[in-house]
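First up is the structure itself, then whatever we jot down about it.
Because the structure is a prediction, the values reported are computed rather than measured. Within every chain, numbering begins at 1; the chains are lettered A, B, ... in the order of the sequence lines, protein sequences first and strands thereafter.
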Number of protein chains: 2
Amino acid sequence: MTEAIQTIDETPLRADAARNRERILAAADEVFSERGADASLEDVAKRAKVGIGTLYRRFPTREALLGALCDERLLALAANSRTRDDVMDPGASLRAFMIELAIHASHYQGLAVQLGTVLKSHTTGCHAGTAEGQRLLQRAQKAKAVAKNVSFDDLLCVITAISLAVEQGGVVKSRVTHLVDLFLGGIRLR
Amino acid sequence: MTEAIQTIDETPLRADAARNRERILAAADEVFSERGADASLEDVAKRAKVGIGTLYRRFPTREALLGALCDERLLALAANSRTRDDVMDPGASLRAFMIELAIHASHYQGLAVQLGTVLKSHTTGCHAGTAEGQRLLQRAQKAKAVAKNVSFDDLLCVITAISLAVEQGGVVKSRVTHLVDLFLGGIRLR
DNA sequence: TATTAAATGGAGCAATCCTCCACTTATATA
DNA sequence: TATATAAGTGGAGGATTGCTCCATTTAATA
(Lines give C-alpha, C1' and ligand atoms only; values in the text may rest on other atoms or scores of the structure.)
Protein backbone atom coordinates (compact mmCIF):
# COMPACT_ATOMS: atom_id res chain seq x y z
CA MET A 1 0.00 0.00 0.00
CA THR A 2 2.97 2.27 -0.29
CA GLU A 3 4.52 2.98 -3.65
CA ALA A 4 2.08 3.29 -6.51
CA ILE A 5 -0.18 5.53 -4.52
CA GLN A 6 1.63 8.72 -5.35
CA THR A 7 0.73 10.94 -8.23
CA ILE A 8 2.09 9.90 -11.58
CA ASP A 9 5.48 10.90 -10.50
CA GLU A 10 9.02 11.76 -11.29
CA THR A 11 11.97 11.07 -8.94
CA PRO A 12 11.37 8.97 -5.83
CA LEU A 13 11.13 10.71 -2.49
CA ARG A 14 13.89 10.77 0.04
CA ALA A 15 13.28 8.45 2.96
CA ASP A 16 12.36 11.14 5.43
CA ALA A 17 10.12 12.85 2.91
CA ALA A 18 8.25 9.65 2.18
CA ARG A 19 7.79 9.06 5.88
CA ASN A 20 6.39 12.53 6.36
CA ARG A 21 4.13 12.17 3.40
CA GLU A 22 2.48 9.16 4.99
CA ARG A 23 2.11 10.96 8.29
CA ILE A 24 0.47 13.89 6.60
CA LEU A 25 -1.98 11.61 4.82
CA ALA A 26 -2.83 9.78 8.02
CA ALA A 27 -3.28 13.04 9.91
CA ALA A 28 -5.37 14.54 7.13
CA ASP A 29 -7.65 11.55 7.12
CA GLU A 30 -8.21 11.94 10.83
CA VAL A 31 -8.73 15.66 10.78
CA PHE A 32 -10.97 15.65 7.72
CA SER A 33 -13.04 12.86 9.22
CA GLU A 34 -13.52 14.84 12.39
CA ARG A 35 -13.95 18.31 11.01
CA GLY A 36 -14.77 17.97 7.33
CA ALA A 37 -12.85 18.41 4.12
CA ASP A 38 -12.33 22.12 4.71
CA ALA A 39 -10.65 21.78 8.07
CA SER A 40 -7.57 23.86 8.74
CA LEU A 41 -4.45 22.59 7.06
CA GLU A 42 -2.39 23.94 9.94
CA ASP A 43 -4.24 21.50 12.14
CA VAL A 44 -3.36 18.71 9.77
CA ALA A 45 0.30 19.69 9.87
CA LYS A 46 0.21 19.92 13.63
CA ARG A 47 -1.35 16.50 13.97
CA ALA A 48 1.24 15.06 11.61
CA LYS A 49 3.97 16.73 13.65
CA VAL A 50 5.27 18.42 10.58
CA GLY A 51 5.81 22.04 9.66
CA ILE A 52 3.15 23.70 7.58
CA GLY A 53 5.76 24.33 4.92
CA THR A 54 6.35 20.63 4.57
CA LEU A 55 2.71 19.99 4.02
CA TYR A 56 2.51 22.62 1.30
CA ARG A 57 5.64 21.38 -0.38
CA ARG A 58 4.16 17.92 -0.72
CA PHE A 59 0.57 18.93 -1.44
CA PRO A 60 0.49 22.35 -3.05
CA THR A 61 -3.28 22.58 -2.89
CA ARG A 62 -6.02 21.17 -0.75
CA GLU A 63 -7.34 19.33 -3.78
CA ALA A 64 -4.02 17.58 -4.24
CA LEU A 65 -4.22 16.38 -0.67
CA LEU A 66 -7.81 15.25 -1.08
CA GLY A 67 -6.88 13.57 -4.33
CA ALA A 68 -4.14 11.60 -2.64
CA LEU A 69 -6.49 10.65 0.16
CA CYS A 70 -9.09 9.40 -2.28
CA ASP A 71 -6.51 7.48 -4.22
CA GLU A 72 -6.65 4.19 -2.38
CA ARG A 73 -10.37 4.09 -2.10
CA LEU A 74 -10.89 4.96 -5.75
CA LEU A 75 -8.48 2.28 -6.83
CA ALA A 76 -10.36 -0.24 -4.75
CA LEU A 77 -13.67 1.00 -6.07
CA ALA A 78 -12.56 0.61 -9.66
CA ALA A 79 -11.10 -2.82 -9.08
CA ASN A 80 -14.21 -3.87 -7.26
CA SER A 81 -16.32 -2.72 -10.12
CA ARG A 82 -14.40 -4.73 -12.67
CA THR A 83 -15.10 -7.92 -10.76
CA ARG A 84 -18.80 -7.30 -11.21
CA ASP A 85 -18.57 -7.67 -14.98
CA ASP A 86 -19.14 -11.38 -14.63
CA VAL A 87 -22.08 -11.41 -12.31
CA MET A 88 -24.06 -8.34 -13.30
CA ASP A 89 -25.53 -7.02 -16.49
CA PRO A 90 -24.20 -3.68 -17.78
CA GLY A 91 -27.08 -1.63 -16.37
CA ALA A 92 -26.81 -3.11 -12.93
CA SER A 93 -23.05 -2.68 -12.94
CA LEU A 94 -23.36 0.98 -13.71
CA ARG A 95 -25.94 1.39 -11.00
CA ALA A 96 -23.73 -0.29 -8.43
CA PHE A 97 -20.79 1.86 -9.43
CA MET A 98 -22.79 5.05 -9.12
CA ILE A 99 -24.00 4.11 -5.68
CA GLU A 100 -20.51 3.30 -4.49
CA LEU A 101 -19.04 6.47 -5.91
CA ALA A 102 -21.76 8.60 -4.38
CA ILE A 103 -21.14 7.09 -1.00
CA HIS A 104 -17.41 7.54 -1.41
CA ALA A 105 -17.91 11.20 -2.30
CA SER A 106 -19.52 11.91 1.02
CA HIS A 107 -16.81 10.20 3.02
CA TYR A 108 -15.70 13.55 4.39
CA GLN A 109 -18.20 16.29 5.06
CA GLY A 110 -17.69 18.78 2.26
CA LEU A 111 -15.97 16.42 -0.13
CA ALA A 112 -18.89 16.16 -2.52
CA VAL A 113 -18.62 19.70 -3.86
CA GLN A 114 -15.04 19.06 -4.76
CA LEU A 115 -15.57 15.67 -6.36
CA GLY A 116 -15.23 17.07 -9.86
CA THR A 117 -12.00 18.90 -9.07
CA VAL A 118 -10.55 16.06 -7.06
CA LEU A 119 -11.18 13.53 -9.80
CA LYS A 120 -9.10 15.74 -12.05
CA SER A 121 -6.06 15.59 -9.78
CA HIS A 122 -3.53 13.33 -11.40
CA THR A 123 -3.60 10.36 -9.17
CA THR A 124 -3.69 6.78 -10.27
CA GLY A 125 -6.87 6.25 -8.29
CA CYS A 126 -8.59 9.24 -9.82
CA HIS A 127 -7.68 8.06 -13.28
CA ALA A 128 -8.83 4.57 -12.51
CA GLY A 129 -12.11 5.84 -11.14
CA THR A 130 -13.04 8.02 -14.08
CA ALA A 131 -11.82 5.47 -16.59
CA GLU A 132 -13.95 2.79 -15.00
CA GLY A 133 -16.98 5.06 -14.95
CA GLN A 134 -16.59 5.85 -18.61
CA ARG A 135 -16.12 2.21 -19.44
CA LEU A 136 -19.28 1.24 -17.60
CA LEU A 137 -21.29 3.96 -19.24
CA GLN A 138 -20.16 2.98 -22.72
CA ARG A 139 -20.80 -0.64 -21.98
CA ALA A 140 -24.30 0.08 -20.75
CA GLN A 141 -24.98 2.21 -23.79
CA LYS A 142 -23.77 -0.50 -26.15
CA ALA A 143 -26.07 -2.94 -24.39
CA LYS A 144 -28.91 -0.47 -24.97
CA ALA A 145 -29.38 -0.22 -21.25
CA VAL A 146 -28.74 3.51 -21.14
CA ALA A 147 -29.62 6.31 -23.53
CA LYS A 148 -26.75 7.36 -25.75
CA ASN A 149 -27.15 11.09 -25.20
CA VAL A 150 -25.91 10.73 -21.63
CA SER A 151 -22.35 11.87 -21.00
CA PHE A 152 -20.02 10.90 -18.20
CA ASP A 153 -20.21 14.49 -17.00
CA ASP A 154 -23.94 14.05 -16.66
CA LEU A 155 -23.37 11.07 -14.42
CA LEU A 156 -20.82 12.94 -12.40
CA CYS A 157 -23.19 15.80 -11.96
CA VAL A 158 -25.86 13.53 -10.61
CA ILE A 159 -23.48 11.67 -8.36
CA THR A 160 -22.24 14.92 -6.92
CA ALA A 161 -25.78 15.99 -6.31
CA ILE A 162 -26.59 12.84 -4.50
CA SER A 163 -23.62 12.97 -2.17
CA LEU A 164 -24.34 16.59 -1.55
CA ALA A 165 -27.83 15.65 -0.45
CA VAL A 166 -26.44 12.94 1.74
CA GLU A 167 -24.04 15.35 3.37
CA GLN A 168 -26.68 17.92 4.03
CA GLY A 169 -29.48 15.64 5.05
CA GLY A 170 -27.06 13.48 6.98
CA VAL A 171 -28.76 10.48 5.47
CA VAL A 172 -27.60 7.09 4.44
CA LYS A 173 -27.27 4.43 1.86
CA SER A 174 -30.99 3.98 1.40
CA ARG A 175 -31.33 7.56 0.25
CA VAL A 176 -28.42 7.20 -2.12
CA THR A 177 -29.96 4.15 -3.67
CA HIS A 178 -33.30 5.87 -3.94
CA LEU A 179 -31.81 8.87 -5.72
CA VAL A 180 -29.72 6.80 -8.08
CA ASP A 181 -32.78 4.80 -9.00
CA LEU A 182 -34.81 7.93 -9.54
CA PHE A 183 -32.18 9.14 -11.90
CA LEU A 184 -31.93 5.87 -13.72
CA GLY A 185 -35.63 5.39 -14.11
CA GLY A 186 -36.76 8.97 -14.33
CA ILE A 187 -39.45 10.49 -12.21
CA ARG A 188 -41.95 10.81 -15.01
CA LEU A 189 -44.61 8.17 -15.23
CA ARG A 190 -45.51 6.63 -18.52
CA MET B 1 -40.42 46.86 -4.90
CA THR B 2 -39.53 48.15 -1.48
CA GLU B 3 -41.54 47.05 1.49
CA ALA B 4 -42.64 43.43 1.44
CA ILE B 5 -39.16 42.32 0.48
CA GLN B 6 -37.85 42.12 4.02
CA THR B 7 -37.95 39.00 6.05
CA ILE B 8 -41.21 38.23 7.79
CA ASP B 9 -40.58 41.01 10.12
CA GLU B 10 -41.26 42.84 13.32
CA THR B 11 -40.87 46.61 13.77
CA PRO B 12 -40.22 48.74 10.71
CA LEU B 13 -36.75 50.06 10.12
CA ARG B 14 -35.72 53.60 10.81
CA ALA B 15 -35.35 55.69 7.67
CA ASP B 16 -31.57 55.67 7.61
CA ALA B 17 -31.43 51.98 8.36
CA ALA B 18 -33.79 51.18 5.52
CA ARG B 19 -31.69 53.29 3.20
CA ASN B 20 -28.55 51.49 4.21
CA ARG B 21 -30.22 48.13 3.87
CA GLU B 22 -30.97 48.86 0.23
CA ARG B 23 -27.44 50.05 -0.39
CA ILE B 24 -26.04 46.89 1.12
CA LEU B 25 -28.26 44.76 -1.07
CA ALA B 26 -27.29 46.68 -4.17
CA ALA B 27 -23.61 46.47 -3.31
CA ALA B 28 -23.86 42.78 -2.49
CA ASP B 29 -25.50 42.07 -5.81
CA GLU B 30 -22.67 43.81 -7.61
CA VAL B 31 -19.89 42.22 -5.63
CA PHE B 32 -21.38 38.73 -5.69
CA SER B 33 -21.93 39.05 -9.43
CA GLU B 34 -18.32 40.00 -9.95
CA ARG B 35 -16.61 37.74 -7.47
CA GLY B 36 -19.07 35.00 -6.56
CA ALA B 37 -21.29 34.31 -3.59
CA ASP B 38 -18.37 33.85 -1.25
CA ALA B 39 -16.80 37.23 -1.88
CA SER B 40 -15.56 39.20 1.10
CA LEU B 41 -18.30 40.84 3.11
CA GLU B 42 -15.94 43.66 3.97
CA ASP B 43 -15.83 44.43 0.28
CA VAL B 44 -19.59 44.51 0.19
CA ALA B 45 -19.67 46.93 3.10
CA LYS B 46 -17.02 49.08 1.49
CA ARG B 47 -18.88 49.25 -1.77
CA ALA B 48 -22.08 50.13 0.07
CA LYS B 49 -20.19 52.84 1.96
CA VAL B 50 -21.28 51.37 5.22
CA GLY B 51 -19.39 50.03 8.21
CA ILE B 52 -18.93 46.31 8.45
CA GLY B 53 -20.83 46.38 11.72
CA THR B 54 -23.87 47.78 9.98
CA LEU B 55 -23.85 44.99 7.47
CA TYR B 56 -23.67 42.34 10.18
CA ARG B 57 -26.38 44.03 12.20
CA ARG B 58 -28.76 43.82 9.28
CA PHE B 59 -27.67 40.46 7.89
CA PRO B 60 -26.24 38.32 10.67
CA THR B 61 -25.09 35.63 8.28
CA ARG B 62 -24.08 35.42 4.69
CA GLU B 63 -27.07 33.18 4.06
CA ALA B 64 -29.42 35.87 5.33
CA LEU B 65 -27.91 38.27 2.87
CA LEU B 66 -28.15 35.79 0.03
CA GLY B 67 -31.70 35.00 1.06
CA ALA B 68 -32.64 38.65 0.86
CA LEU B 69 -30.97 38.96 -2.50
CA CYS B 70 -32.85 35.97 -3.85
CA ASP B 71 -36.10 37.27 -2.51
CA GLU B 72 -37.25 39.33 -5.45
CA ARG B 73 -36.26 36.83 -8.06
CA LEU B 74 -37.86 33.95 -6.21
CA LEU B 75 -41.08 35.88 -5.81
CA ALA B 76 -41.12 36.60 -9.52
CA LEU B 77 -40.30 33.01 -10.30
CA ALA B 78 -43.19 31.73 -8.21
CA ALA B 79 -45.65 34.25 -9.64
CA ASN B 80 -44.47 33.43 -13.12
CA SER B 81 -45.00 29.78 -12.48
CA ARG B 82 -48.56 30.25 -11.35
CA THR B 83 -49.47 31.92 -14.62
CA ARG B 84 -48.44 28.76 -16.43
CA ASP B 85 -51.20 26.74 -14.84
CA ASP B 86 -53.54 27.72 -17.66
CA VAL B 87 -51.32 27.04 -20.62
CA MET B 88 -49.31 24.03 -19.54
CA ASP B 89 -50.10 20.57 -18.26
CA PRO B 90 -48.83 19.68 -14.78
CA GLY B 91 -45.77 17.81 -16.01
CA ALA B 92 -44.64 20.60 -18.28
CA SER B 93 -45.23 23.19 -15.58
CA LEU B 94 -43.02 21.33 -13.17
CA ARG B 95 -40.35 20.99 -15.81
CA ALA B 96 -40.40 24.70 -16.56
CA PHE B 97 -40.18 25.53 -12.88
CA MET B 98 -37.22 23.26 -12.35
CA ILE B 99 -35.38 24.79 -15.25
CA GLU B 100 -36.01 28.29 -14.02
CA LEU B 101 -34.98 27.48 -10.48
CA ALA B 102 -31.82 25.77 -11.62
CA ILE B 103 -30.85 28.78 -13.67
CA HIS B 104 -31.65 31.07 -10.78
CA ALA B 105 -29.49 29.01 -8.46
CA SER B 106 -26.43 29.63 -10.55
CA HIS B 107 -26.99 33.36 -10.73
CA TYR B 108 -23.95 33.95 -8.57
CA GLN B 109 -20.96 31.67 -8.81
CA GLY B 110 -21.10 29.55 -5.68
CA LEU B 111 -24.76 30.08 -4.95
CA ALA B 112 -25.81 26.59 -5.93
CA VAL B 113 -24.20 24.83 -2.98
CA GLN B 114 -26.09 27.09 -0.65
CA LEU B 115 -29.45 26.80 -2.37
CA GLY B 116 -30.82 24.48 0.30
CA THR B 117 -29.74 26.71 3.15
CA VAL B 118 -30.81 29.89 1.44
CA LEU B 119 -34.27 28.57 0.71
CA LYS B 120 -34.63 28.00 4.42
CA SER B 121 -33.97 31.65 5.29
CA HIS B 122 -37.27 33.20 6.28
CA THR B 123 -37.92 35.45 3.37
CA THR B 124 -41.22 35.83 1.62
CA GLY B 125 -39.57 34.92 -1.66
CA CYS B 126 -38.00 31.78 -0.25
CA HIS B 127 -41.30 30.70 1.17
CA ALA B 128 -43.07 31.44 -2.07
CA GLY B 129 -40.48 29.51 -4.02
CA THR B 130 -40.60 26.34 -1.98
CA ALA B 131 -44.37 26.50 -1.64
CA GLU B 132 -44.76 26.77 -5.38
CA GLY B 133 -42.38 23.90 -5.96
CA GLN B 134 -44.28 21.68 -3.59
CA ARG B 135 -47.57 22.65 -5.15
CA LEU B 136 -46.33 21.82 -8.63
CA LEU B 137 -44.95 18.49 -7.51
CA GLN B 138 -48.20 17.48 -5.83
CA ARG B 139 -50.18 18.61 -8.83
CA ALA B 140 -48.02 16.62 -11.19
CA GLN B 141 -48.31 13.58 -8.97
CA LYS B 142 -52.08 13.88 -8.80
CA ALA B 143 -52.18 14.05 -12.56
CA LYS B 144 -50.10 10.86 -12.63
CA ALA B 145 -47.38 12.72 -14.47
CA VAL B 146 -44.77 12.07 -11.79
CA ALA B 147 -44.10 9.09 -9.56
CA LYS B 148 -45.46 9.47 -6.05
CA ASN B 149 -42.30 8.33 -4.27
CA VAL B 150 -40.54 11.52 -5.27
CA SER B 151 -40.13 14.13 -2.54
CA PHE B 152 -39.57 17.83 -2.87
CA ASP B 153 -36.16 17.30 -1.34
CA ASP B 154 -35.37 14.95 -4.17
CA LEU B 155 -36.20 17.67 -6.63
CA LEU B 156 -34.13 20.18 -4.74
CA CYS B 157 -31.22 17.81 -4.71
CA VAL B 158 -31.34 17.44 -8.43
CA ILE B 159 -31.79 21.13 -9.05
CA THR B 160 -28.80 21.87 -6.88
CA ALA B 161 -26.79 19.35 -8.80
CA ILE B 162 -27.70 20.86 -12.08
CA SER B 163 -26.80 24.39 -11.13
CA LEU B 164 -23.59 23.11 -9.63
CA ALA B 165 -22.74 21.53 -12.94
CA VAL B 166 -23.59 24.74 -14.72
CA GLU B 167 -21.36 26.73 -12.40
CA GLN B 168 -18.46 24.41 -12.83
CA GLY B 169 -18.78 23.76 -16.51
CA GLY B 170 -19.62 27.38 -17.13
CA VAL B 171 -22.39 26.20 -19.39
CA VAL B 172 -25.78 27.47 -20.27
CA LYS B 173 -29.47 26.95 -20.53
CA SER B 174 -29.22 24.13 -23.02
CA ARG B 175 -27.29 22.03 -20.54
CA VAL B 176 -29.78 22.80 -17.80
CA THR B 177 -32.63 21.71 -19.98
CA HIS B 178 -30.80 18.59 -20.98
CA LEU B 179 -30.12 17.62 -17.37
CA VAL B 180 -33.65 18.33 -16.22
CA ASP B 181 -34.98 16.20 -19.03
CA LEU B 182 -32.60 13.40 -18.19
CA PHE B 183 -33.87 13.46 -14.67
CA LEU B 184 -37.49 13.57 -15.72
CA GLY B 185 -37.22 10.81 -18.25
CA GLY B 186 -34.50 8.72 -16.71
CA ILE B 187 -31.41 7.59 -18.46
CA ARG B 188 -32.38 3.99 -18.65
CA LEU B 189 -33.85 2.76 -21.90
CA ARG B 190 -36.91 0.60 -21.94
C1' DT C 1 34.16 11.78 5.63
C1' DA C 2 32.90 15.47 2.81
C1' DT C 3 29.75 17.29 -0.51
C1' DT C 4 25.42 18.76 -1.99
C1' DA C 5 20.81 18.54 -3.34
C1' DA C 6 16.63 17.64 -0.98
C1' DA C 7 13.81 18.48 2.71
C1' DT C 8 12.35 20.91 6.87
C1' DG C 9 9.96 24.18 10.01
C1' DG C 10 7.93 28.09 11.37
C1' DA C 11 8.10 33.19 11.37
C1' DG C 12 5.41 36.42 9.19
C1' DC C 13 2.34 38.82 5.95
C1' DA C 14 -2.23 39.09 4.08
C1' DA C 15 -7.06 38.19 3.90
C1' DT C 16 -11.24 37.48 6.14
C1' DC C 17 -14.56 36.80 9.74
C1' DC C 18 -17.12 38.63 13.38
C1' DT C 19 -17.74 41.09 17.97
C1' DC C 20 -18.00 44.87 20.75
C1' DC C 21 -18.90 49.40 22.20
C1' DA C 22 -18.23 54.51 22.27
C1' DC C 23 -20.44 57.66 19.51
C1' DT C 24 -24.22 59.64 16.37
C1' DT C 25 -28.95 60.42 14.79
C1' DA C 26 -33.94 59.84 13.73
C1' DT C 27 -38.11 60.14 15.79
C1' DA C 28 -41.72 60.38 19.23
C1' DT C 29 -43.31 63.36 22.72
C1' DA C 30 -43.91 67.48 25.56
C1' DT D 1 -39.16 73.67 18.79
C1' DA D 2 -36.49 71.28 22.13
C1' DT D 3 -35.18 67.05 24.24
C1' DA D 4 -34.94 62.27 25.63
C1' DT D 5 -33.90 57.87 24.11
C1' DA D 6 -34.01 53.88 21.48
C1' DA D 7 -32.12 52.68 17.19
C1' DG D 8 -28.43 52.79 14.36
C1' DT D 9 -23.47 53.42 13.02
C1' DG D 10 -18.56 52.56 12.10
C1' DG D 11 -14.39 50.59 12.61
C1' DA D 12 -10.69 49.04 15.80
C1' DG D 13 -9.13 44.74 17.04
C1' DG D 14 -8.78 39.72 18.26
C1' DA D 15 -9.02 35.28 16.11
C1' DT D 16 -8.43 32.12 12.35
C1' DT D 17 -6.58 30.51 8.22
C1' DG D 18 -3.94 30.47 3.93
C1' DC D 19 0.39 30.44 1.83
C1' DT D 20 5.38 32.00 0.97
C1' DC D 21 10.03 32.30 1.88
C1' DC D 22 14.45 31.12 3.41
C1' DA D 23 18.02 30.02 6.98
C1' DT D 24 18.99 25.63 8.77
C1' DT D 25 19.19 20.55 8.90
C1' DT D 26 19.78 15.99 6.93
C1' DA D 27 19.82 11.92 3.76
C1' DA D 28 22.19 10.08 0.04
C1' DT D 29 26.24 9.64 -2.69
C1' DA D 30 31.08 9.45 -3.88
Side-chain angles (χ1 to χ4, degrees), chain A residues 2-3 6-7 9-28 30-32 34-69 108-110 113-114 117-118 121, chain B residues 2-3 6-7 9-28 30-32 34-68 108-110 113-114 117 121:
Chain A
T2 35
E3 283 323 279
Q6 308 176 17
T7 64
D9 215 355
E10 54 294 339
T11 53
L13 291 178
R14 225 170 69 176
D16 53 348
R19 206 162 42 237
N20 281 336
R21 185 176 189 280
E22 290 309 315
R23 298 171 62 161
I24 291 171
L25 283 176
E30 285 181 28
V31 173
F32 288 169
E34 290 168 17
R35 305 216 257 276
D38 45 6
S40 154
L41 294 184
E42 317 245 7
D43 282 357
V44 172
K46 217 167 281 167
R47 173 107 39 140
K49 296 196 167 142
V50 144
I52 184 67
T54 302
L55 187 151
Y56 274 98
R57 156 177 276 254
R58 206 52 62 206
F59 305 101
T61 66
R62 180 178 232 101
E63 288 71 43
L65 180 51
L66 283 171
L69 279 170
Y108 308 123
Q109 184 78 23
V113 214
Q114 317 229 35
T117 323
V118 168
S121 64
Chain B
T2 36
E3 284 324 278
Q6 307 176 16
T7 65
D9 215 356
E10 55 293 340
T11 53
L13 291 178
R14 224 169 71 174
D16 53 347
R19 205 161 45 235
N20 281 337
R21 185 175 187 282
E22 290 307 316
R23 298 171 61 161
I24 292 170
L25 284 175
E30 285 181 27
V31 173
F32 287 169
E34 290 168 16
R35 307 216 256 276
D38 46 6
S40 154
L41 294 184
E42 318 244 8
D43 282 357
V44 172
K46 217 168 281 169
R47 171 107 39 139
K49 295 195 168 143
V50 144
I52 183 70
T54 302
L55 186 152
Y56 273 98
R57 158 176 275 254
R58 206 53 61 204
F59 304 102
T61 66
R62 180 178 232 101
E63 288 70 43
L65 180 52
L66 282 171
Y108 307 124
Q109 182 79 21
V113 214
Q114 317 231 31
T117 324
S121 64

Check: In residues 49-61 of chain A, which residues come under 4.0 Å of DNA chain D by heavy atom?
Finding: A:Ile52, A:Tyr56

Notebook entry, point to check: Between atom NZ in A:Lys46 and atom C1' in C:dG10, what is the gap in whole Å?
Noted result: 11 Å

Next item on the list: Rounded off to whole Å, could you give me the CD1-to-C1' distance for the A:Ile24 and C:dA7 pair?
Entry: 11 Å

Item checked: Rounded distance (Å) that lies between atom P of C:dT16 and atom CZ of B:Arg47 -> 13 Å

Check: Of all residues at least two apart in sequence or in a different chain, which pass the side-chain contact (heavy atoms from CB on, under 4.5 Å) check with A:Asp38?
Finding: A:Arg62

Margin query: Quick check for you: to the nearest 0.5 Å, what is the distance between B:Glu34 atom CD and B:Gln109 atom CD?
Written below: 13.5 Å

Check: Which pair of non-hydrogen atoms, one from B:Gln114 and one from B:Gly110, has the smallest distance, and what is that distance?
Finding: CG-O, 3.7 Å

Note to self: One character per nucleotide, please: for nucleotides 22-30 of chain D, 5' to 3', B when the base has a protein heavy atom closer than 4.0 Å, S when only the sugar-phosphate does, - otherwise.
What the structure shows: ----BSS--

Next item on the list: Specify the separation, in whole Å, of atom CZ of A:Arg23 and atom P of C:dG9.
Entry: 8 Å

Would you give me the side-chain donor-acceptor pairs under 3.5 Å for residues 50-61 of chain A, sequence neighbours excluded?
residue, atom, partner, partner atom, Å
A:Thr61, OG1, A:Glu63, N, 3.4
A:Thr61, OG1, A:Ala64, N, 3.0

Next item on the list: Report yes if at least one side-chain N or O of A:Asn20 is closer than 4.0 Å to OP1 or OP2 of C:dT8; otherwise report no.
Entry: yes

Check: Rounded to the Å, how far apart are B:Asp43 CG and D:dG11 P?
Finding: 15 Å

Check: Taking all atoms of both residues into account, what is the closest heavy-atom pair of B:Leu25 and B:Ala68, and its distance?
Finding: CD2-CB, 3.8 Å

Notebook entry, point to check: With sequence neighbours excluded, what pairs up with B:Asn20 under the side-chain hydrogen bond (donor to acceptor under 3.5 Å, both in side chains) test?
Noted result: none

Item checked: Separation of D:dT17 C1' from B:Asp38 CG (nearest whole Å) -> 15 Å

Next item on the list: List the atom of A:Ser121, the atom of A:Gly67, and the distance in Å for their closest heavy-atom pair.
Entry: OG-CA, 3.5 Å

Item checked: Residue list, ring-ring contact (aromatic ring centres under 6.0 Å, His included) with A:Phe32, at least two apart or on another chain -> A:Tyr108

Next item on the list: Determine the minimum heavy-atom distance between B:Ile24 and B:Val44, stating which atoms define it.
Entry: O-CG1, 4.0 Å

Notebook entry, point to check: Within this structure, what is the CD-to-C1' distance between B:Glu42 and D:dG13, rounded to whole angstrom?
Noted result: 11 Å

Next item on the list: Would you indicate, yes or no, if D:dC19 has its OP1 or OP2 atom less than 4.0 angstrom from a side-chain nitrogen or oxygen of A:Arg62?
Entry: no

